[in-house]
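All chains are named by letter (A, B, ...) in the order of the sequence lines, taking the proteins before the strands, and each is independently numbered beginning at 1. Note: hydrogens, waters and symmetry copies are ignored here, and every other heavy atom, side chains too, is used.
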2 protein chains.
Amino acid sequence: MDRTARHSETRYGNRPTMKDVAARAGVGLKTVSRVVNSEPGVTPDTERRVQEAIDALGFRRNDSARVLRKGRTASIGLVLEDLADPFYGPLSRAVEEVARAHGALLINGSSAEDPEREQELVLALCARRVDGLIVIPAGDDHRYLEPEIKAGIATVFVDRPAGHVDVDMVLSDSFGGAREGVAHLIAHGHRRIGFIGDQPRIHTATERLRGYHTAMRDAGITVEDGWVSLGSTEPERVRAAAEEMLSGPEPVTALFAGNNRVTVTAVRVIAERERPVALVGFDDIELADLLGITVISQDAAAVGRTAAEHLFRRLDGADHPTARVELPTTLIPRGSGELPPA
Amino acid sequence: MDRTARHSETRYGNRPTMKDVAARAGVGLKTVSRVVNSEPGVTPDTERRVQEAIDALGFRRNDSARVLRKGRTASIGLVLEDLADPFYGPLSRAVEEVARAHGALLINGSSAEDPEREQELVLALCARRVDGLIVIPAGDDHRYLEPEIKAGIATVFVDRPAGHVDVDMVLSDSFGGAREGVAHLIAHGHRRIGFIGDQPRIHTATERLRGYHTAMRDAGITVEDGWVSLGSTEPERVRAAAEEMLSGPEPVTALFAGNNRVTVTAVRVIAERERPVALVGFDDIELADLLGITVISQDAAAVGRTAAEHLFRRLDGADHPTARVELPTTLIPRGSGELPPA
DNA sequence: CATCCTGTTGACAACGTTGTCCAGGGCCTA
DNA sequence: TAGGCCCTGGACAACGTTGTCAACAGGATG
């Protein structure tokens, strides 16, 4: 009896709807909706009957339909470079936590640092009608976002500024951090300092390079050819760059690494050398304390949290002009940046 | 003129629909749909007119409505423990890559190792009608998933088995890995070996402990009270456990760390001691090679990829019985596991 | 010239939910 | 006891899209 009933009412692969629940409970469609959404105006007895039908049928509200009707999806999109990068995990988690506090889910996408893929992802998220969007941009032209923003999708850019479009941004002080790190090396007696960074297309890469140049100029040091290398952060590329700077008749005595991936490779290269080489890296790394690596630390979780909070403030109706927040960095001396020139 | 037109047709915060596009292009609704979906049967001239209207209005298809009509959302859900944990970043990224190849987006959720939150997240994803679900379970009873699975949501459990429900699983060989790691320490002369692991509620934690016990028994060693500690992986807890094992008249000479978080803390504690202590950790860690930490490595990306591939195979209609895949682990000797007893 | 076919197009219903509005019954008041 | 009000419950349209089907034009065929 029970088996037969269930079989005829709920075909597998074909979920029961509110209509099915209503039929089984002997009430109207809207009454089921009221129970499901805990709306007032239902007698306890009716509610019980409906609830029983829901449990018996294994009904679950279809949020797709709900979204269509209500206009809000209670979800936000996060487009970043690579979730496997240890800098983005905590950032994403922080965003998720804020979203959760606002009852929203998080859709993640990795652009793999490819502008085309970034656009593809962002537009797919817009098609899903996410309520808001947090983007760590790969490209430098974001005019394609204009219609979406006008249409009401709140947007915050993170870590790097947006190109040709007016949105909220949350950035780290790349310039100031790099300048401080390089000045730190100079203060410990270095003059021949190498800089290895990410591709010049990427805003943080050029900002950090600018910090390097400023620190050098402030100290009256002329940067020689061969001390600066921008490009992919593939280990092979970084290794080659580092080895070249550390060889020759007049090698550099210290390295500044433009981000966490560069730092990791730089540490490996330096470890293979006999002559000690000073190192300061941008971004903190797990276990860096044990290895004694001096870093410029930016708080990834704080960046994510700040961005998400801005986003939801906008979603909750705030209509202030677009803001540009810059979060400070911290120099953490652990030994590698305090070595004297060899 | 242009401004007026745009303003009257497209109110801000109220996106144009296919109906609007149809009106502007002077065609029927369905024709717009055909153009948007690149369906055949539209003359080039009509297509051009529709495309112009689309561009002029900044139209973008509403995938919520599409989903409602088509029944598939082209999205999958991934519930894991904590995206900020370096083990899950690469796993999630691997899942995302497979999803992308199948045209699907990924919705992430962190359970924070809380069974209630896990269930809440999973059910929210089901309400969104994700096509499939990859779950790294926090709880041990998943009967709540039964109606969802019956209703057609493909599900794969990862890293830990599902409780009381028949689904595909992709696991690492926790037992075998731990046994191998402990045997490795024994082979290097250790007999007093401590085990520090995660909460016993977690399947991998008890499996690894089982591997420890088996290796010890195989070597004819009786495990003493105080050599085993299971519990939270908070640094304070792990530190206390490690310090206790390493103190007293007869301290352990080697530690086996049950996961990456435990390993990190264990390395710190050992570094503070004068007497060398051997260490093998479960899970690889960035820079572990430089620190010379011997580990049992599981390939997080491979786990994620395998799980996602299973999921999509099922979504693509395969109807084989539920499978249970167990991926092997690798012991990577780097020094810390080869130290002799002090 | 009638018929058939093919290829393009649009009208309409349906997906599952929620908002609006109205009906009916019970209870209170005069 | 009649009138009015409140409370509960249901009928119906709408959200924006896609699948079905029928209409129509134009060319080929008999």
Side-chain angles (χ1 to χ4, degrees), chain A residues 9-11 13-51 53-54 57-74 124 126-129 131 151-152, chain B residues 9-11 13-51 53-54 57-74 124 126-129 131 151-152:
Chain A
E9 286 168 14
T10 326
R11 282 154 310 171
N14 206 347
R15 304 200 65 135
T17 69
M18 284 193 179
K19 205 169 136 193
D20 301 324
V21 175
R24 167 140 186 166
V27 300
L29 181 54
K30 180 66 209 204
T31 301
V32 177
S33 171
R34 274 191 269 261
V35 171
V36 169
N37 296 294
S38 313
E39 284 172 30
V42 181
T43 49
D45 184 58
T46 309
E47 174 164 359
R48 190 185 43 73
R49 264 169 38 234
V50 171
Q51 195 57 56
I54 288 177
L57 296 176
F59 166 81
R60 185 164 316 282
R61 183 179 63 197
N62 184 330
D63 274 355
S64 294
R66 173 168 224 253
V67 154
L68 179 58
R69 190 60 234 247
K70 304 207 79 154
R72 278 219 171 178
T73 56
C126 290
R128 305 249 162 164
R129 298 292 189 270
D131 298 331
Chain B
E9 286 168 14
T10 325
R11 281 156 311 171
N14 206 347
R15 304 201 65 136
T17 71
M18 285 194 180
K19 205 169 136 194
D20 301 325
V21 175
R24 168 140 185 164
V27 302
L29 181 53
K30 180 66 209 204
T31 300
V32 177
S33 172
R34 274 192 269 261
V35 172
V36 169
N37 295 295
S38 314
E39 284 171 30
V42 181
T43 49
D45 183 59
T46 311
E47 174 164 0
R48 189 185 42 74
R49 264 168 39 234
V50 171
Q51 195 58 55
I54 289 176
L57 296 176
F59 166 81
R60 183 163 317 284
R61 182 178 65 197
N62 184 330
D63 275 354
S64 293
R66 172 168 225 250
V67 155
L68 179 57
R69 191 59 234 251
K70 304 209 79 154
R72 278 218 170 178
T73 56
C126 289
R128 305 251 161 161
R129 298 292 189 271
D131 299 331

### Residue-level proximity of residues 62-70 of chain B to DNA chain C when a heavy atom falls under 4.0 Å
B/L68, B/R69
### Query
Across the strands shown, which category fits B/V42 at heavy-atom distances under 4.0 angstrom: base, sugar-phosphate, nothing?
sugar-phosphate
### Task
Verify side chain to side chain contact (heavy atoms under 4.5 Å, CB included) between B/R66 and B/D63, making sure each step is shown before the conclusion.
CA-CA 5 Å; B/R66 172 168 225 250; B/D63 275 354; 3.7 Å; yes
#### Entry: Contacts of type salt bridge (charged side-chain N to carboxylate O under 4.0 Å, His left out), residue A/R60, not counting sequence neighbours
B/E148
### Task
Taking all non-hydrogen atoms of both residues into account, name the closest pair between A/R128 and B/S64 and its distance.
O-OG, 3.8 Å
### Counterpart residues, salt bridge (charged side-chain N to carboxylate O under 4.0 Å, His left out), relative to B/R49 (two or more places apart)
B/D45
### Query
Is it true that a side-chain atom of B/D131 and a backbone atom of B/T73 form a donor plus acceptor pair closer than 3.5 Å?
yes
### Query
If you pin B/T17 and A/T43 to their nearest nucleotides in DNA chain D, which one's is more 5'?
A/T43
### Message
Using the rule side chain to side chain contact (heavy atoms under 4.5 Å, CB included), only one of A/V36, A/N37, A/V35 pairs with A/S33; which is it?
### Response
A/N37
### Query
Which two nucleotides bound the region of DNA chain D that has atoms under 4.0 Å from heavy atoms of chain A, read 5' to 3'?
D/dT8 to D/dG16
### Query
Considering all heavy atoms of both residues, which atom of A/V42 and which atom of A/E47 are nearest to each other, and what is their separation?
CG1-N, 3.7 Å
### Query
Minimum heavy-atom separation for A/R129 to B/R61, with atom names?
NH1-O, 3.5 Å
### Task
With sequence neighbours excluded, tell me which residues meet side chain to side chain donor-acceptor pair (under 3.5 Å) with A/T46.
A/T43
### Message
If you take any heavy atom closer than 4.0 Å to DNA chain C, which residues from residues 26-35 of chain B end up in contact?
### Response
B/V27, B/G28, B/K30, B/T31, B/R34
### Task
Over all heavy atoms of both residues, which pair between B/G58 and B/R15 is shortest? Give the atoms and the distance, please.
O-NH2, 3.6 Å
